[in-house]
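First the structure, in the form of structure tokens, and then the observations on it.
Nothing fancy with the numbering, it's 1 onward along the sequence. Order of listing sets the numbers, starting from 1, for every ligand and every atom in it.
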Amino acid sequence: MKERVWIDRARLAAAGKGYKGFLVQATSANQRDTLEGYGFRMVDQLFVLFRSLARPLPDVDRPLWDLRLRRAREVDVSSVIEVDNRCFDTFWMMNTSALTEATMATPRSRFRVLTAGDQEQVIGYAIFGLGAGEGYLQRIAVDPEWRGRGLGTLMIADGLRWAKRWRARRVGVNTQQSNRSALQLYIKLGFELEPEGIAIYSWEDR
Ligand SMILES: CC(C)(COP(=O)(O)OP(=O)(O)OC[C@H]1O[C@@H](n2cnc3c(N)ncnc32)[C@H](O)[C@@H]1OP(=O)(O)O)[C@@H](O)C(=O)NCCC(=O)NCCS
């Protein structure tokens, strides 16, 4: 009954702001049952993984090409969005406000871009966050043309090193259960699967 009150409040608040629907996440079987009972539709399922920083950090070779991993600047935002939109399906694509939100989600964050050549073409990016003694890999993407050359690994190793410097105990990440390449990469780098994942549910006013 308590859940019904919260769900009705959320629906009213969304409708009051002109939204026709909203998303909510469930982290336990109980929450999933409740949301399904109220007619919410499951739209995706995520794995949750953590990587202990007590373990040695991955050893990474410097990239052979003319590549640079540097702090993201305001002028990079449109290129980052372009790379992002080539890397994720519509549901997960970011726009400028989602990108800002990702960098502000934690008290401290590290937003890096990977660039190629003199023109500094953005070919990938990563956002790590830090709060309450834990690090989070918020987002990572490598342009499809540049994948499989260790660049994802390079950016993750950089974020792990940063989180360790700030004395985080571990770094977490969520990934779509369908995203086998990201999952393989995280496991290879020492991330471990949590027993419970996250289910994303959608409410739409009919
Ligand atoms: C995940 C992603 C960042 C990896 O970038 P990358 O530069 O290709 O990664 P690396 O070259 O460092 O790592 C390669 C490793 O990833 C895994 N991998 C990469 N492509 C794979 C594929 N098609 N199938 C299975 N595993 C794959 C393997 O473990 C591989 O290790 P190996 O080279 O020793 O076999 C990139 O695929 C990407 O941008 N994907 C779309 C966005 C995304 O899914 N982001 C993560 C969301 S949580």
Side-chain angles (χ1 to χ4, degrees), residues 23 25 27 42-51 55-70 72 76-96 98-103 105-106 109-117 120-130 134-163 168 170-194 196-200:
L23 299 171
Q25 59 182 44
T27 52
M42 189 162 69
V43 290
D44 211 344
Q45 294 193 81
L46 310 180
F47 287 126
V48 176
L49 299 101
F50 281 97
R51 206 264 185 206
R55 302 175 56 179
L57 295 177
D59 219 4
V60 186
D61 296 334
R62 286 189 64 81
L64 294 175
W65 313 278
D66 185 12
L67 302 182
R68 246 184 103 198
L69 185 61
R70 63 156 170 82
D76 298 317
V77 167
S78 58
S79 311
V80 165
I81 302 284
E82 277 172 31
V83 170
D84 184 274
N85 291 186
R86 279 199 288 276
C87 291
F88 289 92
D89 57 32
T90 319
F91 183 76
W92 290 103
M93 275 179 194
M94 292 219 284
N95 55 21
T96 314
L99 185 66
T100 309
E101 221 170 89
T103 59
T106 48
S109 73
R110 182 174 180 88
F111 180 10
R112 287 289 185 266
V113 289
L114 192 60
T115 68
E120 300 211 356
Q121 179 203 349
V122 174
I123 59 167
Y125 79 95
I127 301 173
F128 279 78
L130 197 73
E134 292 197 340
Y136 304 92
L137 172 47
Q138 308 271 26
R139 193 83 168 176
I140 181 163
V142 172
D143 200 287
E145 284 179 25
W146 290 85
R147 288 193 193 152
R149 307 182 197 191
L151 303 180
T153 303
L154 179 82
M155 290 194 283
I156 294 174
D158 171 78
L160 293 177
R161 210 175 313 115
W162 170 76
R170 58 180 191 166
V171 171
V173 67
N174 304 334
T175 190
Q176 284 174 280
Q177 290 194 3
S178 57
N179 194 345
R180 295 292 149 168
S181 45
L183 183 67
Q184 279 300 110
L185 175 58
Y186 298 143
I187 288 177
K188 196 176 91 178
L189 293 177
F191 285 80
E192 290 174 274
L193 272 171
E194 289 289 290
E196 294 250 41
I198 295 175
I200 314 278

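Closer than 4.0 Å to atom 20 (N) of ligand 1 lies at least one heavy atom of the protein.
Atom 43 (C) of ligand 1 has its nearest heavy-atom neighbour, among W146, F88, Y125, in F88. The residue from L185, V60, V142 that puts a heavy atom closest to atom 4 (C) of ligand 1 is L185.
The side chain of Y186, and not its backbone, has at least one atom closer than 4.0 Å to an atom of ligand 1 (non-hydrogen atoms only; side chain from C-beta on). The proximity of R149 to ligand 1, defined as any non-hydrogen pair under 4.0 Å, is limited to the backbone. Here Q184 has heavy atoms under 4.0 Å from ligand 1 in both its backbone and its side chain.
In terms of polar-atom proximity, defined here as any N/O pair under 3.5 Å, G152 does make such a contact with ligand 1. Taking distance alone, with nitrogen or oxygen atoms compared against 3.5 Å, T175 stays at or beyond that limit from ligand 1. The N/O atoms of L154, backbone and side chain alike, include none that comes under 3.5 Å of an N/O atom in ligand 1. The shortest N or O to N or O distance between N179 and ligand 1 is below 3.5 Å. For ligand 1, the polar-atom distance check finds no N/O of A182 at less than 3.5 Å from any of the ligand's N/O atoms. Of the N or O atoms in I140, one or more lie within a sub-3.5 Å distance of an N or O in ligand 1. Geometrically, ligand 1 and G150 share a nitrogen or oxygen pair separated by less than 3.5 Å.
Sorted by first and then second residue, the side-chain hydrogen bond (donor to acceptor under 3.5 Å, both in side chains) pairs involving residues 85-94 (not counting sequence neighbours) are D44-W92, R86-D143.
Inter-residue side-chain proximity for T106 and Q138 is flagged as met; some heavy-atom pair is nearer than 4.5 Å.
The backbone N or O of W162 sits nowhere less than 3.5 Å from a side-chain atom of R110 that would complete a donor-acceptor pair. A distance-only check finds a donor-acceptor pair linking the side chain of R51 to the backbone of L189 [under 3.5 Å].
Evaluation of the salt bridge (Lys or Arg N to Asp or Glu O under 4.0 Å) rule for R68 yields E120 as partners, not counting sequence neighbours.
Between the CZ atom in F111 and the CZ atom in R70 there is a gap of 10.0 Å [rounded to 0.5 Å]. In this structure, the separation between CG on L46 and CD1 on I200 is 4.5 Å, given to the nearest 0.5 Å. Within the model, atoms CG of D158 and CG of L69 stand 5.0 Å from one another, a figure rounded to the nearest 0.5 Å. Taking CD1 from I156 and CD1 from I140, the interatomic distance works out to 4.0 Å, rounded to the nearest 0.5 Å. Rounding to the nearest 0.5 angstrom, the gap separating the CD1 atom in I81 from the OH atom in Y125 is 7.0 Å. Atom-to-atom distance recorded for E196:CD and F47:CZ is 13.0 Å, nearest 0.5 angstrom.
Looking at atom 37 (O) of ligand 1, its nearest protein heavy atom turns out to be R147 CD, 3.3 Å. The closest protein non-hydrogen atom to atom 12 (O) of ligand 1 is T153 OG1, 2.6 Å. Residue, atom and distance of the protein heavy atom nearest to atom 8 (O) of ligand 1 are G148 N, 2.8 Å. Nearest to atom 17 (C) of ligand 1 among the protein's heavy atoms is S181 O, 3.5 Å. Looking at atom 32 (P) of ligand 1, its nearest protein heavy atom turns out to be K188 NZ, 3.4 Å.
In E101, the CD atom is not crowded: 12 or fewer heavy atoms of neighbouring residues, nucleotides or ligands sit closer than 6.0 Å.
The shortest heavy-atom distance from N174 to ligand 1 is under 4.0 Å.
Interface of A141 with ligand 1, defined as ligand atoms under 4.0 Å from a residue heavy atom, comprises 39 (O).
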